[in-house]
Amino acid sequence: MTLYIGNLSYQVTDQDIREVLSEYGQIQRLNLPVDRETGRMRGFAFVEMSDDGQEDAAIDDLNGAEWMGRSLKVNRAKPRDSRS
DNA sequence: TTTGAGCGC
């Protein structure tokens with residue numbers, strides 16, 4: 001499953017996210033989208049995790065939690081638009 | 001700062 005994490009601080013790095021999310025399961029993939037033109041983080045992330053049943057606990061725990069001075073928004077990610 | 005790429009006619 002893939003987790004969507006929004007409202008991230010610009011200071012957050014992929015390693016920070018790994019640290020936190022690894023408590024709830026094995027991280028398969030991490031994606032931190034940046035604005036293609038400005039190179040800035042877009043303020044959210046996607047974390048694909050092994051389906052071991054703890055992802056929902058991660059959502060419960062982290063959604064609304066304060067992290068790096070911001071309130072996280074954690075959800076199940078929606079599939080990305082594919083452009084065959 | 002809230003759903004991912006890339007980017008040509």
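Just the heavy atoms: all of them, side chains too, but no hydrogens, waters or symmetry mates, feed the values below. What you see is a predicted model, and the numbers here were worked out from it, not measured in a lab. Protein chains get the first letters and strands the later ones, always in sequence-line order, with residue 1 at the start of each.
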Rounded distance in Å - [atom1] ([X]) to [atom2] ([N]):
X       : N     : atom1 : atom2 : answer
A/Arg42 : B/dG6 : CZ    : P     : 11 Å
A/Ile17 : B/dT3 : CD1   : C1'   : 14 Å
A/Leu32 : B/dT3 : CG    : C1'   : 13 Å
A/Leu30 : B/dA5 : CG    : P     : 14 Å
A/Asn75 : B/dG4 : CG    : P     : 14 Å
A/Asp35 : B/dG4 : CG    : C1'   : 12 Å
A/Met41 : B/dA5 : CE    : P     : 13 Å
A/Glu48 : B/dT3 : CD    : P     : 19 Å

For A/Glu37 and for A/Asn31, locate the closest nucleotide of DNA chain B by heavy-atom distance; then report the residue assigned to the nucleotide nearer the 5' terminus.
-> A/Asn31
Between A/Leu8 and A/Pro79, who's closer to the 5' end of DNA chain B by nearest nucleotide?
->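 Mapping each residue to its closest nucleotide by heavy atoms, the 5'-most match is A/Leu8.
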From CD (A/Glu55) to CE (A/Met49), nearest 0.5 Å | 6.0 Å
CG/A/Asn7 to CZ/A/Phe44 distance, rounded to the nearest 0.5 angstrom?
-> 12.0 Å
Are the side chain of A/Asp51 and the backbone N or O of A/Met1 linked by a donor-acceptor pair below 3.5 Å?
-> no
Under a single-linkage definition using a 4.5 Å side-chain heavy-atom cutoff for Ile, Leu, Val, Met, Phe, Trp and Tyr, are A/Leu8 and A/Leu21 assigned to the same hydrophobic cluster?
->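 They do share one cluster, since a chain of ILVMFWY contacts under 4.5 Å joins A/Leu8 to A/Leu21.
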Quick one: label A/Phe46 by what it contacts on the DNA or RNA (base, sugar-phosphate, nothing), any heavy atom closer than 4.0 Å.
->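 Contact class for A/Phe46: base.
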Of all the nucleotides listed (B/dG4, B/dC7, B/dT3), which has the minimum atom distance to the side chain of A/Pro33?
-> B/dG4
B/dT3, B/dG4, B/dG6: which one has an atom nearest the side-chain heavy atoms of A/Arg80?
->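 Closest of the options to the side chain of A/Arg80: B/dG4.
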